[in-house]
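Keep in mind that what you see is a predicted model, and the values were worked out from it rather than measured. First the proteins, then the strands, lettered A, B, ... as listed; each starts at 1.
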Protein chains: 2
Amino acid sequence: MAARGAAQAHQTHNHRECIEDALKRAREICAGRGAQLTPLREKVLQIVWRSHKPVGAYDVLDELARSHKSARPPTVYRALDFLMGEGLIHKIESLNAYLGCVEAGAPHSGQFLICRQCGATEEIVDAKLETALDQAAKQAHFAGERKVVEISGLCARCAA
Amino acid sequence: MAARGAAQAHQTHNHRECIEDALKRAREICAGRGAQLTPLREKVLQIVWRSHKPVGAYDVLDELARSHKSARPPTVYRALDFLMGEGLIHKIESLNAYLGCVEAGAPHSGQFLICRQCGATEEIVDAKLETALDQAAKQAHFAGERKVVEISGLCARCAA
DNA sequence: TTCGGCAATGTTACATCATAACAGCGGGGT
DNA sequence: ACCCCGCTGTTATGATGTAACATTGCCGAA
């Protein structure tokens, strides 16, 4: 399946279901790997998934603190690091914020379309773009590892 | 001219000359536009150009303060904002750091190869990659404006 | 069973990156 | 002379991220 199109889906889908799907997949993935998706980490994942907009670490913290009084910045950053390590969320570098991964499981660098108006951010998986990135690196004799691709602009809805 | 290949050039070129070229071009570009490349701004540009590694705003500040006692964070950020606005430097989002632009003049989003070992960062201008980005956005009915492309890994020298 | 190791979390403090808000200064036009 | 405006100065604070050490709880080895 290609990316569902978060920004587009945002208008139409049942988001409760969307979150539940993501959490369920996350549990399966972690179970299959022996990675420990603890209640704390799952709660953070759930918070990140509350919307299809990238969420700042301190926003996560505020939300987490409502149910988890001892939460502090390291609490959140550790959970975010774990989730990124397992490929369950991505960091959006140009916003210093975090977003649920729609292709969880297969570790990958995401490609993102970020609407500057509504904030909705869609993760895309574009093979040609992937190839172009690899070719560009290869041409420069550069061994690429992590790839950051973030396009800001206006989503279809906001442009209309 | 294609990007000179900063990371590669780093090993071979006369960097004093490289800085001078960049400053000279910057003066010409600003003069041609009526943009005010003040001594302060030029000094900041020079500091950013001291290496081909992205430099943090507070590193710029430390260096600037040696000759300019009143320098404070806003001093530096204003100069950096000006220089970015004129297309003379880029911000490397994944490092929160700034880098001289090798294609100054033509406003553009850069594409970068960042060596995680030596820090040398090469700006590339790859038409195919550009096209792939535009196509990917178009396919999602997304009106792209600003593009962030940063590939981290090992430069040819460090991989060897 | 007890102990030691280890992963997760708690806790305090701090480092790093960035901006708001207002003041002062100086040149150019009227 | 006066005002406007862009640049810089200055103080304070906001936003993002991490170091370092303490505590807890589980699990396996002796």
Side-chain angles (χ1 to χ4, degrees), chain A residues 26-27 30-31 33-48 53-86 88-99 119 146 148 150, chain B residues 26-27 30-31 33-48 53-86 88-99 114 119 148 150:
Chain A
R27 281 182 219 110
C30 288
R33 278 176 194 164
Q36 302 199 50
L37 186 61
T38 62
L40 179 61
R41 289 164 173 175
E42 186 170 330
K43 180 72 185 172
V44 169
L45 181 58
Q46 187 191 64
I47 291 169
V48 170
K53 305 177 188 182
V55 55
Y58 279 71
D59 292 336
V60 172
L61 176 55
D62 289 345
E63 188 58 33
L64 181 62
R66 300 164 74 92
S67 62
H68 193 98
K69 298 248 165 64
S70 70
R72 296 284 181 279
T75 316
V76 170
Y77 281 104
R78 283 168 185 155
L80 292 173
D81 286 347
F82 169 85
L83 295 169
M84 282 193 286
E86 297 300 328
L88 300 173
I89 64 173
H90 291 289
K91 179 172 186 183
I92 305 300
E93 295 289 351
S94 58
L95 298 176
N96 294 319
Y98 303 83
L99 183 69
R146 181 172 169 241
V148 173
E150 299 172 10
Chain B
R27 280 184 219 109
C30 289
R33 278 177 195 166
Q36 301 199 49
L37 186 62
T38 63
L40 178 62
R41 289 164 172 175
E42 186 170 330
K43 180 71 185 174
V44 168
L45 181 58
Q46 187 191 64
I47 291 169
V48 170
K53 305 177 188 181
V55 55
Y58 279 70
D59 292 336
V60 172
L61 176 55
D62 289 345
E63 187 59 32
L64 181 62
R66 301 165 73 91
S67 63
H68 194 99
K69 298 247 163 65
S70 72
R72 296 284 181 279
T75 318
V76 169
Y77 282 103
R78 283 167 184 156
L80 292 173
D81 286 346
F82 169 85
L83 295 169
M84 282 193 286
E86 297 301 327
L88 301 172
I89 64 173
H90 292 288
K91 180 173 186 183
I92 305 301
E93 295 289 350
S94 58
L95 298 175
N96 294 319
Y98 303 83
L99 183 68
I114 306 164
V148 173
E150 299 171 9

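- Nucleotide C:dG26 holds its P atom 16 Å from the CG atom of B:L40, rounded to whole Å.
- Remark: side-chain polar atoms of B:R41 are not paired, donor with acceptor, to backbone N or O of B:F82 under 3.5 angstrom.
- Phosphate contact (OP1/OP2 of C:dA18, side-chain N/O of B:N96, threshold under 4.0 Å): present.
- When distances run from any side-chain atom of B:R41 to the nucleotides D:dC7, D:dT18, D:dG9, the shortest one goes to D:dC7.
- Look at CZ on A:R33: it is 18 Å from P on C:dA7, rounded to the nearest Å.
- In this structure, A:E93 places its CD atom 13 Å from P of C:dC17, rounding to the nearest Å.
- We find that B:E63 and B:K43 are not joined by a salt bridge, their nearest charged nitrogen and carboxylate oxygen being 4.0 Å or further apart.
- Taking atom CZ of B:R72 as the reference point, atom P of D:dG14 lies 20 Å away to the nearest angstrom.
- For the pair B:V55/B:L99, no side-chain contact is recorded, criterion being any heavy-atom separation below 4.5 Å from C-beta on.
- For A:K43 and C:dT9, the NZ to P distance is 15 Å, given to the nearest whole Å.
- Mapping B:T38 and B:P73 onto DNA chain D by nearest heavy atom places B:T38 closer to the 5' end of the strand.
- Closest contact between the side chain of A:Y77 and the listed nucleotides C:dA18, D:dG17, C:dT9 involves D:dG17.
- Rounding to whole angstrom units, CZ of residue A:R78 and P of C:dA8 are separated by 11 Å.
- Distance CG (A:L95) to P (D:dA15): 15 Å, rounded to an integer number of Å.
- Both A:S70 and A:Y58 sit near DNA chain C, but only A:S70 has its closest nucleotide nearer the 5' end.
- Within the structure, a side-chain polar atom (N or O) of B:H68 is placed less than 4.0 Å from OP1 or OP2 of D:dG9.
- Within the 4.0 angstrom heavy-atom criterion, no nucleotide atom of any strand lies near A:F82.
- A side-chain donor-acceptor contact under 3.5 Å links B:E150 to the backbone of B:S94.
- Atom CD1 of A:I92 and atom P of D:dA15 are 20 Å apart (whole Å).
- A donor-acceptor pair is defined here as one N or O able to donate and one able to accept, closer than 3.5 Å; such a pair exists between the side chain of B:R33 and the backbone of B:E86.
- Ranking C:dA18, D:dC7, C:dG10 by closeness to the B:Q36 side chain, first place goes to D:dC7.
- Side-chain N/O atoms of B:K91 include one lying less than 4.0 angstrom from OP1 or OP2 on C:dA18.
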